[in-house]
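Whatever order the structure lists ligands and atoms in, that order sets their numbers, starting from 1. As a basis for the values below, the full set of heavy atoms in this structure was taken, side chains included, without hydrogen atoms, waters or symmetry mates.
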Amino acid sequence: MTADLFDSVADAQPWREEIADGAVLLRAFVRPIESELIAAVRAIVAQSPFRRMTTPGGHLMSVAMTNCGARGWITDHTGYRYDPIDPRTGAPWPAMPPVLRDLALRAAEQGGFTGFAPDACLVNRYTPGTRLSLHQDKDELDYAAPIVSVSLGLPANFLFGGMARSDKPRRFRLVHGDVVVWGGPNRLAYHGVAPLADGEHPLLGRQRINLTFRRTQ
Ligand code: MD3
Ligand code: FE
């Protein structure tokens with residue numbers, strides 16, 4: 001009886017799950033502010049539209065991307081980098097809206113990282129069939145800061161591997177409103193997204209939007 005009571009106390013945050021050392025899944029974390037987030041994404045896209053970019057190897061990515069914040073992640077035939085200018089518009093990326101900055105800070109705190117100050121937010125758009133092959137995020141200068149990722153719209157099967165590309169990935173289903181904080185030893189783990197299944201999301205239709213907050217320098 002007493003043990004059951006204490007068990008329930010220990011499990012008082014059932015929406016928070018450590019899925020690997022330093023990687024914490026916060027289920028439905030952004031549901032209370034979903035409308036504000038979707039409005040913020042629409043405003044970003046009005047200024048810097050989604051576009052598909054080319055990898056240094058010459059492949060057109062299936063994910064469409066844009067950014068907000070002081071720097072944005074881009075790829076072209078010369079390589080991957082963070083740049084303060086959107087090459088499509090020739091203007092700086094849209095500023096990071098306070099609602100996004102604030103949510104990244106609060107999520108990182110839940111993941112055990114205080115004072116997270118992202119300078120880049122990559123916005124990824126997946127339509128049915130879109131995938132992201134296994135890769136590491138290593139274009140940032142300081143791997144001590146975590147990466148915070150937010151899923152909106154259609155569910156995705158997220159692939160989470162190890163430190164070698166050949167390590168067999170585990171699968172996590174990420175749904176609308178879920179947030180993951182990736183830090184510590186898993187900051188450099190291989191990861192990707194399986195081809196998006198078709199569906200219709202009540203707020204976003206036939207797409208998944210992923211926001212990835214990073215400290216790049
Ligand atoms: C695990 N995006 O933009 S976010 C990316 O759903 C990217 O759009 C995916 O991978 C997406 O680079 C996944 C989750 C994520 C981001 C960074 C990580 C997981 C990570 C870094 C290390 C380990
Ligand atoms: Fe990544």
Side-chain angles (χ1 to χ4, degrees), residues 17-27 29-30 37 41 44 50-53 55-56 61-69 71-75 79-82 93 100 103-104 107-108 111-113 116 118-165 167 169-197 201 204 207-216:
E17 182 190 351
E18 184 149 350
I19 58 177
D21 195 4
V24 179
L25 170 54
L26 308 171
R27 287 205 172 85
F29 190 74
V30 300
L37 295 187
V41 169
I44 291 162
F50 282 120
R51 84 294 305 264
R52 290 169 67 189
M53 295 190 272
T55 66
M61 297 185 74
S62 66
V63 183
M65 301 177 160
T66 186
N67 292 273
C68 70
R71 310 165 124 248
W73 186 85
I74 55 176
T75 173
Y80 308 125
R81 64 193 175 280
Y82 286 94
W93 299 101
L100 295 190
L103 109 75
F113 298 87
F116 182 48
D119 60 349
C121 173
L122 173 63
V123 185
N124 291 333
R125 184 186 63 189
Y126 298 76
T127 50
T130 300
R131 63 194 291 275
L132 188 62
S133 53
L134 279 184
H135 66 278
Q136 293 172 294
D137 288 18
K138 49 179 189 185
D139 302 322
E140 303 75 27
L141 271 183
D142 180 6
Y143 300 143
I147 291 180
V148 171
S149 92
V150 177
S151 292
L152 297 170
L154 289 177
N157 282 311
F158 180 75
L159 307 171
F160 181 47
M163 293 302 157
R165 191 187 293 276
D167 293 344
R170 295 154 68 196
R171 279 178 180 252
F172 291 93
R173 189 175 157 84
L174 295 180
V175 308
H176 177 78
D178 289 351
V179 174
V180 191
V181 180
W182 308 91
N186 279 290
R187 170 68 180 73
L188 286 169
Y190 276 89
H191 59 279
V193 179
L196 195 79
H201 186 270
L204 283 168
Q207 61 180 337
R208 167 177 188 257
I209 304 282
N210 180 268
L211 309 174
T212 313
F213 296 89
R214 300 186 174 89
R215 181 82 204 167
T216 69

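- You'll find the side chain of L132 reaches within 4.5 Å of the side chain of M61, heavy atoms only.
- The protein atom (non-hydrogen) at minimum distance from atom 3 (O) of ligand 1 is N124 ND2, 3.0 Å.
- Here CZ of R165 is found 9.5 Å from NE2 of H135. Values are rounded to the nearest 0.5 Å.
- The minimum heavy-atom distance linking G161 with A189 is given by the pair O-CB, 3.9 Å.
- A pairwise comparison of heavy atoms in R71 and Y82 identifies NH1-CB, 3.4 Å as the closest pair.
- Heavy-atom proximity to N210, at under 4.0 Å, picks out these atoms of ligand 1: 4 (S), 6 (O), 8 (O), 11 (C).
- Considering only non-hydrogen protein atoms, atom 23 (C) of ligand 1 sits nearest to N186 O, 3.3 Å.
- Ligand-side atoms of ligand 1 in range of V193: 6 (O), 9 (C), 11 (C), range being under 4.0 angstrom from any heavy atom.
- In the vicinity of L122, heavy-atom distances shorter than 4.0 Å reach the ligand 1 atoms 3 (O).
- What sits closest to atom 7 (C) of ligand 1 on the protein, heavy atoms only, is L132 CD2, 3.5 Å.
- Counting just the N/O/S atoms of D137, the one with the shortest distance to the Fe ion (ligand 2) is named OD1.
- Of all the heavy atoms of V63, none lies under 4.0 Å from any atom of ligand 1, so neither backbone nor side chain is involved.
- How far CG of D167 is from OH of Y190: 9.5 Å, rounded to the nearest 0.5 Å.
- Among all heavy-atom pairs drawn from T216 and A120, the shortest one is CG2-CB, 3.6 Å.
- Near A189, with a cut-off below 4.0 Å to any heavy atom, the atoms of ligand 1 are 22 (C), 23 (C).
- Looking at heavy atoms from C-beta onward, Q207 lies out of side-chain contact with L154 at the 4.5 angstrom threshold.
- Contact annotation: R214 has at least one heavy atom less than 4.0 Å from an atom of ligand 1.
- Aromatic ring centroids of W182 and F172 lie 6.0 Å or more apart.
- At under 3.5 Å, not a single nitrogen or oxygen of S149, backbone or side chain, sits near a nitrogen or oxygen of ligand 1.
- Taking both residues in full, the closest heavy atoms of R170 and A20 are given as NH1-CB, 4.1 Å, listed atom of the first, atom of the second, then distance.
- Distances below 4.0 Å separate heavy atoms of R187 from the following atoms of ligand 1: 21 (C), 22 (C).
- Around atom 20 (C) of ligand 1, the closest heavy atom drawn from W182, F172, F160, Y190 belongs to W182.
- The minimum heavy-atom distance linking P155 with R173 is given by the pair CG-NH2, 3.5 Å.
- Looking at T130 and R125, their side chains never come closer than 4.5 Å, going by heavy atoms from C-beta outward.
- Ligand 1 has at least one atom lying under 4.0 Å from a heavy atom of H135.
- For the ligand labelled ligand 1, residue Y126 lies inside the 4.0 Å heavy-atom shell.
- Residue contacts with ligand 1 do not include V180, since none of its heavy atoms lies under 4.0 Å from the ligand.
- Taking the Fe ion (ligand 2) as reference, the nearest N/O/S atom within H135 carries the name NE2.
- Considering both main-chain and side-chain atoms, D137 comes within under 3.5 Å of ligand 1 through a nitrogen or oxygen pair.
- The closest protein non-hydrogen atom to atom 13 (C) of ligand 1 is F158 CE1, 3.4 Å.
- Using a 4.0 angstrom heavy-atom cutoff, R208 counts as in contact with ligand 1.
- In summary, of the residues considered (N210, L103, T212), a side-chain contact (heavy atoms from CB on, under 4.5 Å) with V150 occurs for L103 alone.
- Residues P146 and F116 share a closest heavy-atom pair of O-CE1, 3.4 Å.
- The shell of residues lying under 4.0 angstrom from ligand 1, judged by heavy atoms, excludes W73.
- Taking atom 21 (C) of ligand 1 as the reference point, the nearest protein heavy-atom neighbour is H191 CE1, 3.4 Å.
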